[in-house]
*Asks:* 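Just dropping this structure here.
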Amino acid sequence: MGLVQLLKSQVLCHLIMCYVFVVSGLIINLLQFCTLPVWLINKQLARRINIRLAYCISSQMVATLEWWSETECTLYTDPESFPLYGNENAIVVLNHSYDIDFLCGWTFCERFGVLGSSKVLAKKELSYVPVIGWMWYFLEIVFCKRKWEEDRTTVAQSLQNLHDYPENFWFLLYCEGTRFTRKKHQISMKVAESKGLPKLKYHLLPRTKGFWVTVQNLRGKAVAVYDATLNFRNNETPTLLGVMSGKKYHADLYVRRIPLDLIPEDEAECAAWLHKLYQEKDGFQEQYAQTGRFPGPVKSPPRRPWCLINWLFWVCLLLYPLGLLLVQLISSGSALTIAVAVALFSAASLGFRWMIGQTEISRGSSYGSKAQSQISPVRDKNDQDPSLRLQILICTVG
Ligand SMILES: CC/C=C\C/C=C\C/C=C\C/C=C\C/C=C\C/C=C\CCC(=O)SCCNC(=O)CCNC(=O)[C@H](O)C(C)(C)COP(=O)(O)OP(=O)(O)OC[C@H]1O[C@@H](n2cnc3c(N)ncnc32)[C@H](O)[C@@H]1OP(=O)(O)O
Ligand SMILES: CCCCCCCC/C=C\CCCCCCCC(=O)OC[C@@H](O)COP(=O)(O)O
């Protein structure tokens with residue numbers, strides 16, 4: 001391991017990165033809050049300001065991936081669609097299998113110039129995460145409780161609000177609704193079986209209602225669906241901590257552009273269309289597993305310097321006061337002051353760890369396996385297990 005690599009793997013380095021991210025993020029959150037009066041006078045101006053402020057936050061994480069860990073992101077797509085990326089509004093359908101799949105998504109947003117404005121249908125819990133979650137309020141991110149009875153109106157309303165959005169955006173939908181785990185996969189394939197749908201090997205059964213409501217409510221605004229399938233070379237399972245430790249990964253993303261007009265308007269037909277799409281995605285993953293590549297030519301956009309410049313700006317701005325504080329603290333010689341500082345430092349470290357934990361599949365929610373945990377532990381091979389059948393019934397009915 002080289003000296004630079006050793007340095008990148010040090011916990012102190014990670015703490016400094018988190019410090020810069022959180023403090024700059026809170027400053028930007030405050031600036032976003034200050035744009036509220038602008039909303040009342042000129043909504044479009046407020047939106048444009050918030051897009052740029054959000055860029056200052058999310059691009060720091062992109063810079064960590066692109067410039068710190070030097071992860072390579074390769075795009076497989078057809079050359080005719082390529083010039084349209086970033087120049088139109090689109091709904092992106094992505095597999096949800098990795099801790100950092102959202103970060104790879106952000107990297108492509110950055111390269112096509114839509115990072116600040118990009119949106120997602122996110123679980124409500126993420127709106128409470130400081131910095132990112134708070135930033136999302138001002139970006140008009142669409143939140144859902146993953147309870148259809150409540151989501152059907154709130155999600156539709158939030159999507160309608162985007163019709164006069166002033167800049168191009170990509171709206172990301174993880175139709176699987178939760179991140180892939182073996183247990184969730186097992187349950188969802190039982191649901192597939194009960195519905196007479198073909199089994200998927202690499203994906204959870206997609207939830208169709210969010211997709212349908214998104215397509216219907218963004219008709220006339222979004223012009224295409226980007227079917228995006230992500231995988232990593234050498235069977236790697238990348239993590240945010242790995243990225244922060246400077247570990248280099250290689251992401252491959254296969255994107256197909258599908259005009260929105262081709263998607264059925266009827267709910268049942270739209271659901272069937274999505275199930276078919278996921279069967280195709282499963283086929284692409286199988287091909288990747290067999291050959292190490294996706295179909296189609298490679299057409300990768302290069303990384304851009306802006307996110308690095310933004311990151312360096314915040315590092316320079318915020319490291320100086322931190323250094324001053326440390327010097328003052330040590331030279332004060334007061335045991336009580338130092339003890340309070342150590343306590344604050346420990347609390348901050350725990351807070352940073354909690355935020356990173358939000359990205360970890362191992363700390364994910366029980367959504368998609370809830371019925372199982374309420375009734376009985378997983379039974380791996382027994383298809384005839386009556387309690388499992390009861391769980392499927394609950395999933396399907398509830
Ligand atoms: C050129 C480059 C191109 C692309 C680059 C790639 C990407 C970049 C793009 C943008 C980036 C932008 C931002 C990214 C940044 C950060 C994102 C980070 C994270 C946020 C992500 C999340 O929070 S994911 C979780 C929230 N989202 C969702 O859940 C979306 C999907 N869900 C739905 O659509 C749901 O339908 C719902 C949420 C609307 C409602 O959920 P609910 O559970 O109430 O209802 P359901 O309809 O889903 O449930 C009942 C039906 O489901 C069946 N069922 C039951 N159990 C299961 C099961 N285990 N598996 C599957 N199905 C199940 C049940 O039978 C019911 O079926 P019916 O047929 O009766 O409907
Ligand atoms: C510059 C370096 C900065 C490093 C510090 C970064 C600290 C991390 C900051 C914010 C973390 C919040 C990121 C939000 C994205 C989480 C993505 C995610 O994938 O959510 C899961 C959701 O889809 C499904 O949830 P479940 O699988 O049901 O559970």
Side-chain angles (χ1 to χ4, degrees), residues 73-96 101 104-115 117-121 140-142 155-156 158-177 197-198 200 203 206-230 252-285 287-288 294-301:
C73 296
T74 303
L75 179 65
Y76 292 74
T77 196
D78 71 281
E80 291 81 57
S81 303
F82 190 87
L84 298 170
Y85 299 151
N87 294 313
E88 61 185 9
N89 297 312
I91 298 167
V92 178
V93 173
L94 182 64
N95 54 311
H96 208 3
D101 49 28
C104 292
W106 264 351
T107 296
F108 283 101
C109 290
E110 156 60 12
R111 293 182 189 198
F112 286 101
V114 288
L115 178 60
S117 56
S118 278
K119 321 244 166 279
V120 59
L121 177 55
E140 298 166 81
I141 291 295
V142 180
V155 170
S158 309
L159 289 163
Q160 282 298 326
N161 292 343
L162 298 177
H163 270 264
D164 61 346
Y165 205 72
E167 295 195 14
N168 287 331
F169 64 85
W170 291 350
F171 188 91
L172 175 63
L173 247 181
Y174 289 115
C175 296
E176 292 161 270
L197 290 164
L200 301 169
H203 298 87
R207 310 276 182 154
T208 58
K209 291 194 181 79
F211 179 73
W212 176 72
V213 86
T214 304
V215 168
Q216 286 306 91
N217 282 283
L218 287 184
R219 267 187 210 281
K221 183 68 177 170
V223 291
V225 166
Y226 296 167
D227 168 32
T229 309
L230 177 73
D252 285 318
L253 185 76
Y254 176 43
V255 179
R256 293 187 299 168
R257 182 185 180 277
I258 304 162
L260 204 79
D261 294 344
L262 298 183
I263 298 165
E265 293 201 18
D266 173 73
E267 185 177 353
E269 285 176 30
C270 183
W273 187 92
L274 189 70
H275 284 304
K276 187 165 164 287
L277 187 87
Y278 269 75
Q279 285 147 30
E280 290 168 5
K281 287 169 89 68
D282 225 47
F284 302 142
Q285 292 287 24
Q287 177 174 348
Y288 192 88
F294 286 122
V298 168
K299 188 102 179 60
S300 292

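Along the sequence shown, residues carry numbers from 1.
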*Asks:* If I take atom OG1 from residue T214 and atom CZ from residue F171, how far apart are they, to the nearest 0.5 angstrom?
*Replies:* 5.0 Å
*Asks:* Which atoms form the tightest heavy-atom contact between C270 and I263, and what is the distance?
*Replies:* SG-CG2, 4.0 Å
*Asks:* Is there a side-chain contact between V114 and F169 (heavy atoms, below 4.5 Å)?
*Replies:* no
*Asks:* Report the relative orientation of the aromatic rings in Y288 and F294; use parallel for angles under 30°, tilted for 30 to 60°, perpendicular for over 60°.
*Replies:* tilted
*Asks:* Using side-chain heavy atoms (C-beta onward) and a distance below 4.5 Å, is L75 in contact with R111?
*Replies:* no
*Asks:* Using side-chain heavy atoms (C-beta onward) and a distance below 4.5 Å, is C73 in contact with L253?
*Replies:* no
*Asks:* Answer yes or no for K281 and F284: cation-pi contact, defined as NZ/CZ to six-membered ring centre under 6.0 Å and angle to ring axis within 45°.
*Replies:* no
*Asks:* Do Y174 and D101 pair up side chain to side chain, a donor and an acceptor below 3.5 Å, judged on atom types alone?
*Replies:* yes
*Asks:* Just by distance, with hydrogens left out, do T77 and Y226 show a side-chain donor and acceptor under 3.5 Å apart?
*Replies:* no
*Asks:* Looking only at the aromatic ring of each residue, does the gap between the centers of W170 and F112 stay below 6.0 angstrom?
*Replies:* yes
*Asks:* Backbone N or O of K221 within a donor-acceptor pair of the N89 side chain at under 3.5 Å?
*Replies:* yes
*Asks:* Hey, could you give me the CG/CG distance between L121 and L159, rounded to the nearest 0.5 Å?
*Replies:* 7.5 Å
*Asks:* Let me confirm one number: the CG-CD distance from L218 to Q160, rounded to the nearest 0.5 Å.
*Replies:* 8.0 Å
*Asks:* Is any side-chain heavy atom of T208 closer than 4.5 Å to one of H275?
*Replies:* yes
*Asks:* Around atom NZ of K299, are there more than 12 heavy atoms of other residues, nucleotides or ligands at under 6.0 Å?
*Replies:* no
*Asks:* With a 4.5 Å heavy-atom cut-off, do Y254 and R256 have their side chains touching?
*Replies:* yes
*Asks:* Out of curiosity, C175 SG to Y278 OH, how far, rounded to the nearest 0.5 Å?
*Replies:* 4.0 Å
*Asks:* If you take all heavy atoms of H96 and E176, which pair is closest and at what distance?
*Replies:* N-OE1, 2.9 Å
*Asks:* To the nearest 0.5 Å, tell me how far I258 CD1 sits from S81 OG.
*Replies:* 10.0 Å
